[in-house]
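One structure is given below, encoded as C-alpha coordinates.
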Number of protein chains: 2
Amino acid sequence: MPVKTEKIAQASRCLKALAHPTRLSILCLLKEGEHNVQQIETAIGTTQSNISTHLGVLRDKEILITRKEANQVFYRVRDPRMFELLVILQEIYCKD
Amino acid sequence: MPVKTEKIAQASRCLKALAHPTRLSILCLLKEGEHNVQQIETAIGTTQSNISTHLGVLRDKEILITRKEANQVFYRVRDPRMFELLVILQEIYCKD
DNA sequence: TTTAAATATTAATATATCAGTATATTTTGA
DNA sequence: TCAAAATATACTGATATATTAATATTTAAA
(Lines give C-alpha, C1' and ligand atoms only; values in the text may rest on other atoms or scores of the structure.)
Protein backbone atom coordinates (compact mmCIF):
# COMPACT_ATOMS: atom_id res chain seq x y z
CA MET A 1 0.00 0.00 0.00
CA PRO A 2 1.21 3.54 -0.67
CA VAL A 3 2.66 5.59 2.16
CA LYS A 4 0.25 8.20 3.56
CA THR A 5 0.53 11.66 2.09
CA GLU A 6 0.90 13.31 5.48
CA LYS A 7 3.75 11.03 6.51
CA ILE A 8 5.50 11.71 3.24
CA ALA A 9 5.07 15.43 3.78
CA GLN A 10 6.44 15.21 7.29
CA ALA A 11 9.47 13.17 6.24
CA SER A 12 10.01 15.57 3.36
CA ARG A 13 10.05 18.55 5.70
CA CYS A 14 12.57 16.82 7.93
CA LEU A 15 14.85 15.97 5.01
CA LYS A 16 14.59 19.50 3.68
CA ALA A 17 15.76 20.78 7.05
CA LEU A 18 18.71 18.40 7.00
CA ALA A 19 19.61 19.06 3.39
CA HIS A 20 21.69 22.17 3.83
CA PRO A 21 25.47 22.03 4.17
CA THR A 22 25.55 24.34 7.18
CA ARG A 23 22.80 22.47 8.97
CA LEU A 24 24.35 19.11 8.17
CA SER A 25 27.64 20.36 9.59
CA ILE A 26 25.83 21.41 12.75
CA LEU A 27 24.36 17.93 13.07
CA CYS A 28 27.79 16.35 12.65
CA LEU A 29 29.20 18.63 15.31
CA LEU A 30 26.42 17.79 17.75
CA LYS A 31 27.30 14.14 17.40
CA GLU A 32 29.95 14.96 19.98
CA GLY A 33 27.32 16.23 22.41
CA GLU A 34 25.60 19.50 23.10
CA HIS A 35 27.19 22.81 22.15
CA ASN A 36 26.20 26.38 22.72
CA VAL A 37 25.68 28.81 19.87
CA GLN A 38 29.12 30.37 20.18
CA GLN A 39 30.82 27.00 19.99
CA ILE A 40 28.78 26.08 16.94
CA GLU A 41 29.50 29.43 15.36
CA THR A 42 33.23 28.99 15.88
CA ALA A 43 33.30 25.40 14.69
CA ILE A 44 31.24 26.02 11.55
CA GLY A 45 32.75 29.37 10.79
CA THR A 46 29.99 31.72 9.77
CA THR A 47 28.15 34.69 11.25
CA GLN A 48 26.06 34.68 14.41
CA SER A 49 22.97 35.60 12.49
CA ASN A 50 23.40 32.90 9.91
CA ILE A 51 24.01 30.16 12.48
CA SER A 52 21.06 31.31 14.53
CA THR A 53 18.81 31.21 11.48
CA HIS A 54 19.87 27.67 10.64
CA LEU A 55 19.53 26.56 14.26
CA GLY A 56 16.04 28.01 14.14
CA VAL A 57 15.16 25.79 11.19
CA LEU A 58 16.43 22.66 12.95
CA ARG A 59 14.62 23.67 16.13
CA ASP A 60 11.35 24.32 14.31
CA LYS A 61 11.46 20.86 12.76
CA GLU A 62 12.17 19.43 16.21
CA ILE A 63 15.46 17.97 15.09
CA LEU A 64 17.27 19.94 17.77
CA ILE A 65 16.23 20.88 21.27
CA THR A 66 17.64 23.59 23.49
CA ARG A 67 18.61 24.13 27.08
CA LYS A 68 19.17 27.60 28.41
CA GLU A 69 21.88 28.30 30.95
CA ALA A 70 22.28 31.92 31.99
CA ASN A 71 22.48 33.85 28.75
CA GLN A 72 23.74 30.96 26.69
CA VAL A 73 21.68 28.44 24.76
CA PHE A 74 22.85 24.88 24.36
CA TYR A 75 21.65 22.81 21.46
CA ARG A 76 21.52 19.04 21.11
CA VAL A 77 19.93 16.50 18.80
CA ARG A 78 16.54 15.39 20.06
CA ASP A 79 16.51 11.84 18.72
CA PRO A 80 19.80 9.90 18.60
CA ARG A 81 18.45 7.83 15.72
CA MET A 82 19.16 10.89 13.63
CA PHE A 83 22.80 9.93 13.84
CA GLU A 84 22.05 6.45 12.50
CA LEU A 85 20.50 8.18 9.54
CA LEU A 86 23.62 10.25 9.01
CA VAL A 87 25.83 7.16 9.30
CA ILE A 88 23.88 5.40 6.58
CA LEU A 89 24.07 8.48 4.42
CA GLN A 90 27.81 8.52 4.94
CA GLU A 91 28.09 4.83 4.11
CA ILE A 92 26.21 5.31 0.89
CA TYR A 93 27.87 8.52 -0.19
CA CYS A 94 31.32 8.56 1.28
CA LYS A 95 32.91 5.30 0.30
CA ASP A 96 36.35 6.90 0.19
CA MET B 1 37.61 16.14 13.68
CA PRO B 2 35.11 17.95 11.51
CA VAL B 3 33.54 16.21 8.54
CA LYS B 4 35.13 17.22 5.23
CA THR B 5 33.41 19.97 3.32
CA GLU B 6 33.13 17.92 0.16
CA LYS B 7 31.49 15.01 1.98
CA ILE B 8 29.05 17.39 3.58
CA ALA B 9 28.26 18.88 0.18
CA GLN B 10 27.70 15.46 -1.33
CA ALA B 11 25.44 14.31 1.50
CA SER B 12 23.59 17.60 1.29
CA ARG B 13 22.94 17.13 -2.43
CA CYS B 14 21.63 13.63 -1.78
CA LEU B 15 19.29 14.81 0.98
CA LYS B 16 18.06 17.66 -1.17
CA ALA B 17 17.18 15.17 -3.86
CA LEU B 18 15.27 13.05 -1.36
CA ALA B 19 13.53 15.98 0.26
CA HIS B 20 10.60 16.36 -2.09
CA PRO B 21 7.25 14.66 -1.49
CA THR B 22 6.98 13.33 -5.03
CA ARG B 23 10.50 11.96 -5.03
CA LEU B 24 10.05 10.44 -1.60
CA SER B 25 6.89 8.77 -2.84
CA ILE B 26 8.80 7.37 -5.80
CA LEU B 27 11.40 5.92 -3.44
CA CYS B 28 8.70 4.30 -1.34
CA LEU B 29 7.16 2.80 -4.44
CA LEU B 30 10.48 1.41 -5.63
CA LYS B 31 10.83 -0.39 -2.33
CA GLU B 32 8.63 -2.99 -4.01
CA GLY B 33 11.13 -3.39 -6.85
CA GLU B 34 11.74 -1.75 -10.19
CA HIS B 35 8.99 0.06 -12.06
CA ASN B 36 8.85 1.70 -15.43
CA VAL B 37 7.93 5.34 -15.87
CA GLN B 38 4.32 4.66 -16.72
CA GLN B 39 3.83 2.56 -13.63
CA ILE B 40 5.40 5.25 -11.49
CA GLU B 41 3.29 7.90 -13.16
CA THR B 42 0.11 5.95 -12.48
CA ALA B 43 1.02 5.13 -8.90
CA ILE B 44 2.05 8.65 -7.95
CA GLY B 45 -0.62 10.38 -9.96
CA THR B 46 0.91 13.33 -11.74
CA THR B 47 1.92 14.26 -15.26
CA GLN B 48 4.46 12.44 -17.41
CA SER B 49 6.66 15.48 -17.57
CA ASN B 50 6.63 16.10 -13.86
CA ILE B 51 7.48 12.50 -13.01
CA SER B 52 10.22 12.46 -15.61
CA THR B 53 11.74 15.60 -14.14
CA HIS B 54 11.76 14.14 -10.63
CA LEU B 55 13.17 10.85 -11.87
CA GLY B 56 15.88 12.88 -13.56
CA VAL B 57 16.84 14.48 -10.27
CA LEU B 58 17.08 11.12 -8.53
CA ARG B 59 19.04 9.70 -11.46
CA ASP B 60 21.48 12.61 -11.53
CA LYS B 61 22.23 12.14 -7.85
CA GLU B 62 22.73 8.42 -8.52
CA ILE B 63 19.98 7.48 -6.13
CA LEU B 64 18.18 5.64 -8.93
CA ILE B 65 19.56 3.67 -11.83
CA THR B 66 17.79 2.73 -15.04
CA ARG B 67 17.46 -0.20 -17.36
CA LYS B 68 16.08 0.25 -20.83
CA GLU B 69 13.88 -2.41 -22.38
CA ALA B 70 12.55 -1.61 -25.84
CA ASN B 71 11.08 1.86 -25.53
CA GLN B 72 10.42 1.63 -21.83
CA VAL B 73 12.74 2.68 -19.02
CA PHE B 74 12.76 0.84 -15.71
CA TYR B 75 13.96 2.57 -12.58
CA ARG B 76 15.26 1.04 -9.39
CA VAL B 77 17.10 2.18 -6.28
CA ARG B 78 20.85 1.83 -6.67
CA ASP B 79 21.78 1.20 -3.06
CA PRO B 80 19.36 -0.77 -0.84
CA ARG B 81 20.77 0.99 2.21
CA MET B 82 18.69 3.93 1.04
CA PHE B 83 15.68 2.04 2.35
CA GLU B 84 17.28 1.70 5.77
CA LEU B 85 17.59 5.46 5.78
CA LEU B 86 13.91 5.82 4.97
CA VAL B 87 12.97 3.34 7.70
CA ILE B 88 14.88 5.36 10.29
CA LEU B 89 13.25 8.53 9.04
CA GLN B 90 9.88 6.87 9.42
CA GLU B 91 10.72 5.66 12.91
CA ILE B 92 11.71 9.14 13.99
CA TYR B 93 8.90 11.00 12.31
CA CYS B 94 5.95 8.68 12.08
CA LYS B 95 5.40 7.37 15.57
CA ASP B 96 1.64 7.20 15.05
C1' DT C 1 20.29 51.15 36.08
C1' DT C 2 23.44 51.10 32.49
C1' DT C 3 26.46 48.40 29.63
C1' DA C 4 28.04 44.43 27.36
C1' DA C 5 27.55 39.69 25.87
C1' DA C 6 24.81 36.01 23.84
C1' DT C 7 21.18 34.86 21.05
C1' DA C 8 17.00 35.62 18.22
C1' DT C 9 14.25 37.97 14.92
C1' DT C 10 13.17 40.85 11.03
C1' DA C 11 13.54 42.78 6.52
C1' DA C 12 15.67 43.08 2.00
C1' DT C 13 17.65 41.07 -1.72
C1' DA C 14 19.55 37.21 -4.19
C1' DT C 15 19.22 32.53 -5.56
C1' DA C 16 17.13 28.04 -6.12
C1' DT C 17 13.38 25.05 -6.99
C1' DC C 18 8.82 23.83 -8.71
C1' DA C 19 4.74 22.92 -11.80
C1' DG C 20 3.11 23.30 -16.16
C1' DT C 21 3.37 23.62 -21.06
C1' DA C 22 5.53 22.73 -25.14
C1' DT C 23 8.82 20.34 -27.75
C1' DA C 24 12.42 16.79 -28.66
C1' DT C 25 14.15 12.03 -28.87
C1' DT C 26 13.92 7.15 -29.28
C1' DT C 27 11.74 3.01 -30.50
C1' DT C 28 8.31 0.16 -32.50
C1' DG C 29 5.14 -1.29 -35.80
C1' DA C 30 2.18 -0.30 -39.88
C1' DT D 1 9.28 5.83 -44.47
C1' DC D 2 5.56 7.49 -41.30
C1' DA D 3 2.86 7.61 -37.18
C1' DA D 4 2.31 6.64 -32.50
C1' DA D 5 3.95 5.41 -27.89
C1' DA D 6 7.25 6.11 -24.14
C1' DT D 7 10.34 9.06 -22.15
C1' DA D 8 13.29 13.24 -21.73
C1' DT D 9 14.38 18.06 -22.04
C1' DA D 10 13.79 23.23 -22.33
C1' DC D 11 11.45 27.21 -21.01
C1' DT D 12 8.69 30.29 -18.08
C1' DG D 13 6.49 32.36 -14.28
C1' DA D 14 5.52 31.47 -9.45
C1' DT D 15 7.01 30.20 -4.95
C1' DA D 16 10.37 28.97 -1.53
C1' DT D 17 14.77 29.37 0.58
C1' DA D 18 19.31 31.55 1.60
C1' DT D 19 22.39 35.34 2.93
C1' DT D 20 23.32 39.52 4.95
C1' DA D 21 22.73 43.48 7.75
C1' DA D 22 20.24 45.67 11.16
C1' DT D 23 17.66 45.51 15.24
C1' DA D 24 15.51 43.29 19.32
C1' DT D 25 15.61 40.46 23.50
C1' DT D 26 17.54 38.39 27.51
C1' DT D 27 20.84 37.96 31.07
C1' DA D 28 24.66 39.12 33.98
C1' DA D 29 27.80 42.08 35.95
C1' DA D 30 29.63 46.65 36.96
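Just so it is clear: chains get the letters A, B, ... in the order the sequence lines come, proteins before strands, and each one is counted from 1.
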Worksheet entry | Residues forming a side chain to side chain contact (heavy atoms under 4.5 Å, CB included) with A/Cys14, sequence neighbours excluded | A/Leu18, A/Ile63, A/Met82, B/Leu89, B/Tyr93
Worksheet item: Between residues 61-75 of chain A and DNA chain C, which residues have a heavy-atom gap below 4.0 Å?
Response: A/Asn71, A/Gln72, A/Val73, A/Tyr75
Worksheet item: Using a heavy-atom distance cut-off of less than 4.0 Å, which residues of residues 36-43 of chain A contact DNA chain D?
Response: none
Worksheet, complete the sentence: By salt bridge (charged side-chain N to carboxylate O under 4.0 Å, His left out), B/Arg13 pairs with (sequence neighbours left out) B/Glu6
Discussion item. I'd like to check the salt bridge (charged side-chain N to carboxylate O under 4.0 Å, His left out) partners of B/Glu69; sequence neighbours left out, ordered by chain and number.
Written reply: B/Arg67
Worksheet entry | Spacing between A/Leu58 atom CG and D/dA18 atom C1', to the nearest angstrom | 14 Å
Item to complete: Might you point out which heavy atoms bring A/Arg81 and B/Ile88 nearest each other, and give the distance in Å?
Response: O-CG2, 3.5 Å
Discussion item. Restricting to side chain to side chain contact (heavy atoms under 4.5 Å, CB included), what partner residues turn up for A/Thr42, sequence neighbours left out?
Written reply: none
Item to complete: For A/Asn71, enumerate each residue passing the side-chain hydrogen bond (donor to acceptor under 3.5 Å, both in side chains) test, keeping only those at least two apart in sequence or located in another chain.
Response: none
Response to the item:
The correct set of residues in residues 19-34 of chain B placing a heavy atom under 4.0 Å from DNA chain D is none
Discussion item. Under the ring pair (Phe, Tyr, Trp, His ring centres under 6.0 Å) definition, can you give me all pairs with a residue in residues 35-88 of chain A, not counting sequence neighbours?
Written reply: A/His20-A/His54
Worksheet item: Which nucleotide span of DNA chain C, 5' end to 3' end, has atoms closer than 4.0 Å to non-hydrogen atoms of chain A?
Response: C/dA5 to C/dT9
Item to complete: Output all residues satisfying side chain to side chain contact (heavy atoms under 4.5 Å, CB included) with B/Thr53, sequence neighbours left out; order by chain, then residue number.
Response: B/Ser49
Discussion item. I'd like to know if B/Ser49 reaches the base of D/dT9 with its side chain such that a donor and an acceptor end up less than 3.5 angstrom apart.
Written reply: yes
Item to complete: Return the set of residues passing side chain to side chain contact (heavy atoms under 4.5 Å, CB included) with A/Ser25 (not counting sequence neighbours), or none when no residue passes.
Response: A/Ile44, B/Ile8
Discussion item. Restricting to non-hydrogen atoms, name the atom on A/Ala17 and the atom on A/Lys61 that form the minimum distance, rounded to 0.1 Å.
Written reply: CB-CG, 3.6 Å
Worksheet item: Does some side-chain heavy atom of A/Asp79 sit less than 4.5 Å from a side-chain heavy atom of B/Glu91?
Response: no
